[in-house]
Amino acid sequence: MRERDAPGEPGRGRQVTAVTGAWLPGTTPAGPGIGPAGATGTAGALGGPEFLINLGAAHPSAHGMLRLRLNLDGDQIIAAEPEIGFMHRGAEKLFEARDYRQIIVLANRHDWLGAFASELGVVLAAERLAGIEVPPRAVWARTMLAELNRALSHLAFLSAYPPEIAAEPGAGEQREAEPGRSAVAGGAGASGDETVAAGAQAAFRAREAIQSVMEEISGGRMHYMFNRVGGLKEEIPAGWLDRACHAIDDVRAALPVIGAPVAHDRFRARTGGVGVLTPTQVRQYGLSGPAARACGVDFDLRRDEPYLAYRELAGVLRVPTGTGGDCLARFECLRDQLAVSLDLAEECAVRLSRLPQGPLSARLPKVFKVPEGHAYAWTEGPLGLSGYYLVSRGGKTPWRLKLRSASFNNMAVLPEVLPGHRVADLAAILGSLFFIVGDIDR
């Protein structure tokens, strides 16, 4: 969503364009009909006009779409109701018709920013139920790749939302273009805009650097399919650890530039005190990840219920938290967590280099079957807690594999947090809850 004209009082000059259409929140239709400028609206149950906003492309080949049904009073949001499921793929049902090697292809596609973390939870559940012991080198390599994937996901959010929000006038601010002069709302000069642009470019470059080392080891840029039940698919390439550490050092050196948009005065003005969540709401709706920790809910599965090699990384693992609970606190928590992931990945590389050579996967029969029973595995994904409940009847395919995605719970709080805010605050609130539409719909 992009604000065409400078924010102000509702009227014909105030138009917000969504990806799939434009509408004008300036009048209140008495009933079903067509408003000014071709906008469609109906009278909502709370008295204000009701509008539909489609966020994302609705084409079947696209990644997904979130629809928000808003009741507005001018540009003030009275009520909000998200509508989901437009890109439901039926992944959980497809799991039942594929063996434990094939389901990895499906498991890493619903959260395309955290593909490695998604496939990791599936194999952990199968290994737990089958009683498989994973070789130490595979455990450390998985931990390192999980943290690199977490950094990729955080960089995607940091490269998109903070620079975009800081580059536009906030609510109640306007830009006045004067001949020979570039004026920016909020008192920041051209150097402020250059800082924002530099932050976005640095985040993109950092993401490409990490993406390159992930592609080298797995062969994929988005869907890695590198996990296997019992370990990893292939041996680590020669010299890869050194190249990965070099990329980590480059990204760490760029962290001040990447985080500069979050500290920008205009970004802080547009996100401070906006979209505030309380710890009670976090627990009621099951929010997790940076969105929950920014509200003071100090819980991180890597520290509190360690898996993989996180128990041995207790001296390196730090859990950034906040108390504000607003959009600003959530982005600050995400920024700080990026630095922690880089430290963890580097430490894993050091430990891997010291381990003696050995297998990266346990030996399994050609036709692998999981014993009858059930197991639950959960991981701290880039967006929050992801759960995998596996039920087996002794066959080579799961009888049931239920996914608990972090995005669904993070999105579910929107009806609580959006009312009372202006339409101009939508981008900041949606971006700071850290959800992926495919992870919601599955």
Quick check against the 3.5 Å criterion: does [X] have a side-chain atom that pairs as donor or acceptor with the backbone of [Y]?
X: Thr397; Y: Ala97; answer: no
X: Arg150; Y: Leu338; answer: no
X: His421; Y: Gly275; answer: yes
X: Glu92; Y: Leu403; answer: yes
X: Arg266; Y: Ala166; answer: yes
X: Arg311; Y: Tyr307; answer: no
X: Asn108; Y: Ala115; answer: no
X: Ser218; Y: Tyr224; answer: no
X: Arg422; Y: Gln76; answer: no
X: His110; Y: Ala107; answer: yes

What is the minimum heavy-atom distance between [X] and [Y], and which atoms define it?
X: Ala292; Y: Leu287; answer: CB-O, 3.6 Å
X: Phe434; Y: Asn410; answer: O-ND2, 3.4 Å
X: Gly231; Y: Val134; answer: CA-CG1, 4.1 Å
X: Ala309; Y: Val139; answer: N-CG1, 3.8 Å
X: Pro382; Y: His154; answer: O-CE1, 3.3 Å
X: Pro162; Y: Phe267; answer: CA-CE1, 3.4 Å

Does any non-hydrogen side-chain atom of [Y] lie less than 4.5 Å from one of [X]?
X: Met144; Y: Leu352; value: yes
X: Ser405; Y: Ile436; value: no
X: Leu342; Y: Ile210; value: yes
X: Glu81; Y: Pro415; value: no
X: Leu390; Y: Leu129; value: yes
X: Val417; Y: Leu277; value: yes
X: Glu147; Y: Val340; value: no
X: Ile78; Y: Leu70; value: no

Flag the pair [X] and [Y] as a salt bridge only when some basic side-chain nitrogen lies within less than 4.0 angstrom of an acidic carboxylate oxygen.
X: Glu119; Y: Arg228; result: no
X: Glu127; Y: Arg142; result: yes
X: Arg303; Y: Asp298; result: yes
X: Asp99; Y: Lys396; result: no
X: Arg318; Y: Asp336; result: no
X: Arg351; Y: Glu346; result: no

Residue pairs involving residues 196-209 (criterion salt bridge (Lys or Arg N to Asp or Glu O under 4.0 Å); sequence neighbours excluded):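 Every pair satisfying salt bridge (Lys or Arg N to Asp or Glu O under 4.0 Å) with a residue in residues 196-209: Glu208-Arg221.
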
Pairwise distance [atom1]([X]) to [atom2]([Y]) - rounded to 0.5 angstrom:
X: Arg442; Y: Arg404; atom1: CZ; atom2: CZ; result: 10.0 Å
X: Glu96; Y: Arg400; atom1: CD; atom2: CZ; result: 6.0 Å
X: Cys348; Y: Leu308; atom1: SG; atom2: CG; result: 9.0 Å
X: Arg109; Y: Ile104; atom1: CZ; atom2: CD1; result: 11.5 Å
X: Glu347; Y: Asp343; atom1: CD; atom2: CG; result: 9.0 Å
X: Leu145; Y: Met214; atom1: CG; atom2: CE; result: 5.0 Å

Candidate pair Glu332 and Gln337, rule side chain to side chain contact (heavy atoms under 4.5 Å, CB included), full reasoning: CA-CA 9 Å; Glu332 288 177 338; Gln337 191 167 286; over 6 Å; no

Whether Tyr100 and Phe368 hold their rings parallel, tilted or perpendicular, with breakpoints at 30° and 60°: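 The rings of Tyr100 and Phe368 stand perpendicular, inter-plane angle above 60°.
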
Stepwise side chain to side chain contact (heavy atoms under 4.5 Å, CB included) check, Lys402 with Val391: CA-CA 9 Å; Lys402 178 72 176 73; Val391 181; over 6 Å; no

Chi angles and distances behind the side chain to side chain contact (heavy atoms under 4.5 Å, CB included) call for Arg98, Phe95: CA-CA 5 Å; Arg98 286 159 175 79; Phe95 290 155; over 6 Å; no

Criterion side chain to side chain contact (heavy atoms under 4.5 Å, CB included) on Leu328 and Ser432, from CA distance to verdict: CA-CA 8 Å; Leu328 177 60; Ser432 67; over 6 Å; no

Residue pair Ser392 / Glu372, side-chain donor-acceptor N/O under 3.5 Å: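 No.
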
Tyr285 side chain to Glu416 side chain, donor-acceptor N/O pair below 3.5 angstrom: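 Result is yes, a qualifying pair exists.
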
For Tyr388, all residues meeting ring pair (Phe, Tyr, Trp, His ring centres under 6.0 Å), sequence neighbours excluded: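 Tyr388: no ring pair (Phe, Tyr, Trp, His ring centres under 6.0 Å) contacts found.
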
For residues 374-381, dump all side-chain donor-acceptor pairs below 3.5 Å to protein atoms at least two apart in sequence or in another chain.
{"unit_1": "Trp378", "atom_1": "NE1", "unit_2": "Glu305", "atom_2": "OE1", "d": "3.4"}
{"unit_1": "Glu380", "atom_1": "OE1", "unit_2": "Leu301", "atom_2": "N", "d": "3.1"}
{"unit_1": "Glu380", "atom_1": "OE2", "unit_2": "Arg293", "atom_2": "NH1", "d": "3.2"}

Heavy atoms of other groups near Lys369 NZ, more than 12 under 6.0 Å: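 Atom NZ in Lys369 is not packed in, count stays at 12 or less.
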
